[in-house]
Structure formats: structure tokens, C-alpha cells
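Everything on this sheet refers to the single structure shown next.
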Amino acid sequence: MEGNLKQIQNTGSREIIKIVLFGPESTGKTTLAMQLAEHFETAWVPEFARDYLQEKWDKTGQICDIHDMLPIAYGQTQLENDTLFTGNKFLFCDTNLLVTKIFSEVYYSFCNPILDKAAREHDYDLFFLTDIDVPWEKDDLRDKPDQRESVFAVFKQSLIDNNKPFIILSGDKDIRLCKSISIINDLVTAKEMGFSSLDFVQIYNYGIPLENIQNQLNSYKNGISKAVIVKPAKISDGILKLSETDFQQKADFFDANKTNLKLIKFVPASGAASRMFQFLNEFLNDFDIENESINGYINRKKEYELPVFIVGLDKFPFYDEVHSKLKEIYPGYDDLKSDFKNFYLIKMLLSPEYFNYSNKPKAILPFHLYKTHIATPIEEHLYECANYANSNGISNLQFTVSEVHQIEFEKVIASVKNKVEKETQTTINTSFSYQNKQTNTLAVDNANNPFRDENNKLFFRPGGHGALIGNLNNLDGDVIFVKNIDNVIQNHKEINVLYKKTLAGILLESQQKVFSYLNAIDAGREINVEELLDFAKNSLNIKVKRAVSKYTVENQIIYIQKILNRPIRVCGMVKNEGDTGGGPFWVQNSKGATSLQIVETSQIDLTNPEQVKIFNSSTHFNPVDLVCGIQNYKGEKFYLPDFVDKNSGFIVQKNKDGKPLKSYELPGLWNGAMAKWISIFVELPLITFNPVKTVNDLLRPPHQP
């Protein structure tokens, strides 16, 4: 039976969502197709081949051969097309032509071109590729129990090669049914949002809830509400100022009370160093060594960072190594004119074939030159962790990293950890966490349509450091120290240790008092409501509602429990000396309540003169120096996502392959992600804030020998 292509073309309305149970084995597929059809009150298409081959056997006593492939294909397509007319929104297929094509190739090493073309062209909304994680069952159509993995791989690769939308369905029969119903409901929602089946599968594989996608699209369309700042936090109005005696007393309190506590240092460290070397990359891209002098380039571009870099070259910790490599490759390097020497040095520093610094994580770059060695930020954080996040000779340090860079982190840690542990008499437990792919956000173009890459796929970007609230939530510790990867120093380290312990001491003092109040309430002991509210206002910066005084005692206690039973953060603040970025402010939310927050410039309505005036009157800057308490008075972990202000994200302008795009970033880790925490701000000396934003920052005194 030769037939023609027209006989195996599928038909049907676009309104019918067609789903295929697809796989090399029949185990559970028929039952699942029937269950889904029953659940969605619609039709299903059984496997035509079973009845066809049974009839052939009854008539001739012969089993399946290559000549049966096309008749099976015709029959299956006719059955599917006929059933479409009885379908109600959905049609579930127990098999399809792609299965017939694959079996033809697997069993007979041949597929009729008519069948091959039709199988590739048949259009379905979703393929459920049934996994082989259940016991194999023999039936009349399939064998090869010893080749389950290889045959499954063929089926999977066929879906990939033909760009079919598929999801692997695993688990027992009950799990598969529940999972498939949920997926189908989400598919319907995705289509209503304007996404294709391939889009839906991409979103599903990221694990991003469709509700999140819809919220992101709404944010692009409607914008994000700006923060309403009431006034800057200042000394004695949201910021605590301590004397040197106070600093030492708080640090001593921490040391005296840390014995039974698990201390963890948490370091966001997944960022690459591209911004650190941006002005050097721009120089390489725009400078013509044959026709221009470096001084001419500096004047032409009004570039002020490059001359600082060149003048300080020999003071950088990487200079000797790069210089030695240059002399090895170019024996006459030292005899070149200075412009050529500087050009080749910068080129080697950033070249992927050599040092490739701008594409590496900051954490593994050489930061500090000592007499005996060169230290990376990783090494400096190991020392810091041992010196202040140390209880009973044990420290815990977690870096957030990109998976592709973890091996590089591990190499650096392995090279220095034993030395640090020996010098500090501390065992340091290091761990890594990744930013969850589910926190990635969908980018859009300037018309707010989903941005697509060169392969027409949706483009997702990491959701910013606010995504790390999930990583923080997964930690199990009593006191969590948070500090950025690049904020380390070479000199006066003992000062930083003191101030970090001070913040931790304030946290423990505050926690102890909060916990005592909440335990007293639980125990039914009599409490002084006025005393407690005074503590909340004056020690914890909580703006108490005026109406509370009119509440019944019972409702006052409920209110007190609500405002006190929250995670606590103690944040160091430094005097603002012109740095751009976040700072401490009193902020009013949509309900009119005022609270102490860290606010970024991008959260401010810069078109509002009054808001700009308040913002510019700020006296302090946020150096991202935090100590956090993430457990409640019962010793249970708070679920930190419950304390995020989900309306305080950011929309940023980015670029992909030369095309502009907009990206949504989640509420920042120390901004919106901690908006509903209890916040205590403490003034610290400027020495505690020494980030390396550009490579030239390594020339500052705190980073020099």
C-alpha cells in the first residue's frame, strides 16, 4: 500500500489542544490517555497499530514487517482526524506518526519518505515523553527490555531534532496523572497569555511560575511604583552612633554569647569582573595603536581612569606576573616604546588566550600583594570568617557562585584553606549555592513584547541579587554575616573584625530582649505594654500605630507579636562621601505606614523635586555590611520570602546582541527583599567600606601593602 502524503496529513481546528503520550513503551500510556480524557471531559485516540497487527495475525499468522508501517500511519492519522470532531478543547493521543517513524528506523533501519515527512510535519501542542523509571512490561508491539535507555534516548533526540515541544513525565501512575493535569492547565494559561507551546516548555524547564511571568509583564507595562521617602535616616533618627567604648562592649557581648550559636558568613560572589575592567575593554576596542598615541586617545575620549591605571601599573598585584609573561612571549618587550608596552600589557591582561581577567569572577582575581604571596578576595574572606564568624573553633562560609565557576573557586580554596585554618586555629566549612533558575526573569523589547534571541527563544536574565533571598533562606544558622565579595582590605583588618562583632553583639542583645517579650506573652505572664512599645519604637526603629493605645489589651498583644516576630538585620552605615547607590531612609508604603529602609537611587522618582531634595539630603551610605537573625524566638527558621516587598523590584535597560531590552530585577537583597524585617542601622567608620568597583580601586591605601 503506497498511498500518498495527503492521506497522512493531520487536520483539525486550532482551538483543539492536541497532546501526545509519547515514548518507546506502552507502560501506562493508554491508561493515562484515558484518565486525562476523562478528567478534561474530551476524546482520546487509541493506538491503531495494536488492532491492525492483531487482525493481520488472525488472518495470515504473520507478524509486523516494514510493509506495515505506512498502513499503520494511514490508519492512525484517519483515527486521529475523525476523533477531532468529538473533542472538546483537548485531544489526547496514545501515539502518533513520529512513534511509527522511529520504530520503522529502529527495527528496519528504514523509513518511507512519505511517513518521514508527515511525521515531522504533524503539529501537536505538547508531547509527554513517558520516562522509563517504572518497571518494564512486555506487550505485543514492543520488546527490547535490555535496551530501554538507548531506545528512550532515540525518542528524546527525535523530539529535539524536530523541535517538538515536550516535557518528560516521570513517577508512578498517580504522580504522572497529577503532574500532567497541572502541566496541561498551565499550558492553557500560557496560550491565553500569547505564548507558543515551545515558549511554554522553555518556561516550564526554567521552573518559573506563570504567575511570576504575568507579574513581570504587568510591571513592564505599568511600571513599578517608586519608593516614597519621607526623610533620610540620620544619627538619632534611625541611625545609632556608638562610642569606641560602646563598640568594644557590644563586640565583647557577642564573644561572650556566641558559644552555643552556629555562625555563618554569606558572601554574594557570582558576579564576573567585567565592570571592573570596562574602561580597559573600551580602550582596546577603540584605540588604534598604529595611528594614535595613548595620550591622544585619553584626550579624545576624555578618559580619566586610563592614565590612573597606567601610572599605577607596577603597584597592581598582578603586574609582575603579566610583565613576566609579556617578556616570555615578546623577548624585546622591555625595549618597546611605552605606548606599545602599555597596550600589549592591557591586551594580555584581558585576552581570553592569556589572563582573561574581565571574564573571570572577581573572587579569584589577585587583589592584595603581600611579602610572601598574592591574595584573592576568597582568601581574605576566609581569614575574616575565621576571625569573627568563629564559634568553638568552627566557622562556616558560603559563597554564591555561578555553576560554571565553582571549580575555580574550589581550586583557590584548596590552595589556601589549610594555611588559613592553621594560622587562625579554626576549622572553616566552605559551601556553595547557586542563584535558582526559577528566579530568572523574562526580558522584553522596548514595546514590552517578550524579547527573543537569535534562535527565536525567549530570553531570560538572572533576577539580580534580590534572588539570593532564597539562598539566604536555605541557610541554617543563628547569626548570618553578609558581606560583598569585593569589600575586603589589606590593612587594619582587626578594625573590621571589631566592627563586625559589634553588629553581631547588637543583634544578639536585640534578639534576647525580643525573645524574652514573646516568650512572656506565650507563657501568659503579665507584661507592661507601654514598656514593650517603647522598646519597639526606640530600640528597633518600629513606627507604632497611634491607634494601638485604643486597642483592647488582647489586640495590643496581637499587634505586638506581629511587629516583633520578624527576622532582624543590623546594618552598618558609613558617612556619604559622594558614593552613588543605596542609603538609609524612612519610607512610606502604600498603606501610609512608615518604616526604616535601604533605598537605591533607581527606586526614587527623580522627576519629583521634593523626593530628589530628600534623597540628596541623605548623610549616610549603605556599604552592604549586614548581620542577620533569621530564626524566631522558638528557634524556628523564618520563611524569608514572606518578608519581601514584592512591589519594589527594578526595571533596568540592558543589551543583547546589539539589541536593546528591558529586564526586571527582583527586589534587592538588602532593599525590598528585607523590607519587612526589623532594621537597626549603626554608623561605622569609612574604613569598613572598600569595594573594588574598578581595577583602579586596588590602588587605594586599604588595598596596598
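Everything quoted here is computed from the prediction, not taken from an experiment. Side-chain atoms are counted along with the backbone in the values below, which use heavy atoms only and exclude waters and symmetry mates.
- Within the cation-pi definition used here (under 6.0 Å to the ring centroid, within 45° of the axis), Lys543 qualifies as a partner of Trp586.
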Stepwise side-chain hydrogen bond (donor to acceptor under 3.5 Å, both in side chains) check, Thr426 with Glu421: CA-CA 5 Å; Thr426 302; Glu421 289 182 328; over 6 Å; no
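- Residues Glu665 and Thr441 have side chains not in contact (no heavy-atom distance under 4.5 Å, counting atoms from C-beta outward).
- In Asn260, the CG atom is not crowded: 12 or fewer heavy atoms of neighbouring residues, nucleotides or ligands sit closer than 6.0 Å.
- The shortest heavy-atom contact between Asp478 and Gln631 is OD1-OE1, 3.0 Å.
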Stepwise side-chain hydrogen bond (donor to acceptor under 3.5 Å, both in side chains) test for Asn538 and Asp534: CA-CA 6 Å; Asn538 297 324; Asp534 184 68; 2.6 Å; yes
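- Salt bridge status for Lys241 with Asp246: absent, with no side-chain N to carboxylate O gap under 4.0 Å.
- Comment: Lys417 does not engage Glu379 in a salt bridge, judged by the lack of any side-chain N to carboxylate O separation of less than 4.0 angstrom.
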Stepwise ring pair (Phe, Tyr, Trp, His ring centres under 6.0 Å) test for Tyr633 and Tyr517: CA-CA 9 Å; Tyr633 67 107; Tyr517 282 128; over 10 Å; no
Please tabulate, for the side chains in residues 457-467, all donor-acceptor contacts under 3.5 angstrom to protein atoms that are two or more places apart in sequence or on a different chain.
residue: Arg461; atom: NH1; partner: Ser663; partner atom: OG; Å: 3.2
residue: His465; atom: ND1; partner: Leu669; partner atom: N; Å: 2.9

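- With sequence neighbours excluded, no residue satisfies ring pair (Phe, Tyr, Trp, His ring centres under 6.0 Å) with Tyr559.
- A distance of 13.5 Å separates CG of Asn608 from CZ of Phe615, quoted to the nearest 0.5 Å.
- In terms of heavy-atom proximity, Ser679 sits nearest to Asn541 at O-ND2, 3.1 Å.
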Residues 400-407, side-chain donor-acceptor partners within the protein, below 3.5 Å, at least two apart:
residue: Thr400; atom: OG1; partner: Ala269; partner atom: N; Å: 3.0
residue: Gln406; atom: OE1; partner: Tyr434; partner atom: OH; Å: 2.2
residue: Gln406; atom: NE2; partner: Glu410; partner atom: OE2; Å: 2.9

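- Residue Lys545 places its NZ atom among 12 or fewer non-hydrogen atoms of other residues, nucleotides or ligands, all under 6.0 Å distant.
- Atom CD of Gln490 sits about 11.5 Å away from atom CG of Asn690, to the nearest 0.5 Å.
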Arg569 vs Ile678, side-chain contact (heavy atoms from CB on, under 4.5 Å): CA-CA, chis, key distance, verdict: CA-CA 6 Å; Arg569 59 174 178 168; Ile678 294 172; over 6 Å; no
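- Inter-residue side-chain proximity for Thr424 and Tyr383 is flagged as met; some heavy-atom pair is nearer than 4.5 Å.
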Verdict with supporting geometry, Glu380 and Lys493, salt bridge (Lys or Arg N to Asp or Glu O under 4.0 Å): CA-CA 10 Å; Glu380 301 292 21; Lys493 294 180 181 178; 2.7 Å; yes
Candidate pair Tyr664 and Phe650, rule ring pair (Phe, Tyr, Trp, His ring centres under 6.0 Å), full reasoning: CA-CA 6 Å; Tyr664 173 77; Phe650 308 87; 8.5 Å; no
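- Atoms CG and CD, from Leu217 and Gln214 in turn, are 5.5 Å apart once rounded to the nearest 0.5 Å.
- Atom OG1 of Thr502 sits about 6.0 Å away from atom CZ of Phe247, to the nearest 0.5 Å.
- Residues Phe681 and Ile598 have side chains in contact (heavy-atom distance under 4.5 Å, counting atoms from C-beta outward).
- Salt bridge Lys501/Asp255: present, at least one basic N to carboxylate O contact under 4.0 Å.
- Atom CD1 in Ile506 sits 11.0 Å away from atom OG in Ser539 (nearest 0.5 Å).
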Residues Ile235, Glu683; criterion side-chain contact (heavy atoms from CB on, under 4.5 Å); working and verdict: CA-CA 8 Å; Ile235 300 298; Glu683 183 182 80; 3.6 Å; yes
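- The closest donor-acceptor contact from the side chain of Asp625 to the backbone of Met573 lies at 3.5 Å or more, if one exists at all.
- Within a 6.0 Å radius of NZ in Lys693, other residues, nucleotides and ligands contribute more than 12 heavy atoms.
- In this structure, Lys483 fails the cation-pi test against Phe266, since its NZ or CZ atom is not both closer than 6.0 Å to the six-membered ring centre and inside 45 degrees of the ring normal.
- Salt-bridge check for Asp199 with Arg452: passed, with a basic side-chain N closer than 4.0 Å to an acidic carboxylate O.
- Counting heavy atoms from C-beta on, the side chains of Lys637 and Asn632 never come closer than 4.5 Å.
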side-chain hydrogen bond (donor to acceptor under 3.5 Å, both in side chains) evaluation trace for Gln216 with Tyr220: CA-CA 6 Å; Gln216 291 161 25; Tyr220 291 127; 5.4 Å; no
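- A heavy-atom distance below 4.5 Å is found between the side chains of Gln561 and Asp522.
- Note on ring orientation: taking the six-membered ring where Trp is involved, the planes of Phe254 and Phe481 are perpendicular (angle over 60°, cut-offs 30° and 60°).
- Paired with Phe367 under the rule side-chain contact (heavy atoms from CB on, under 4.5 Å), one option of Thr376, Val488, Ile489, Asp697 passes, and it is Val488.
- Aromatic ring orientation, Phe643 versus Phe638: perpendicular (interplanar angle above 60°, classes split at 30° and 60°).
- Around CD of Glu211, the count of heavy atoms belonging to other residues, nucleotides or ligands within 6.0 Å does not exceed 12.
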Residue pair Lys662, Lys654: steps toward the side-chain contact (heavy atoms from CB on, under 4.5 Å) verdict: CA-CA 6 Å; Lys662 293 191 288 187; Lys654 296 290 181 179; over 6 Å; no
Lys265 vs Asn396, side-chain contact (heavy atoms from CB on, under 4.5 Å): CA-CA, chis, key distance, verdict: CA-CA 6 Å; Lys265 185 176 184 182; Asn396 302 284; over 6 Å; no
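- A salt bridge is defined here as a Lys NZ or Arg NE, NH1 or NH2 lying under 4.0 Å from an Asp or Glu carboxylate O, and Lys360 with Glu408 fails to meet this definition.
- Interatomic distance, CD1 of Ile568 versus CD1 of Ile630, reported as 12.0 Å (0.5 Å rounding).
- For Asp486 and Lys362, the salt-bridge test passes: some basic side-chain N is under 4.0 Å from an acidic carboxylate O.
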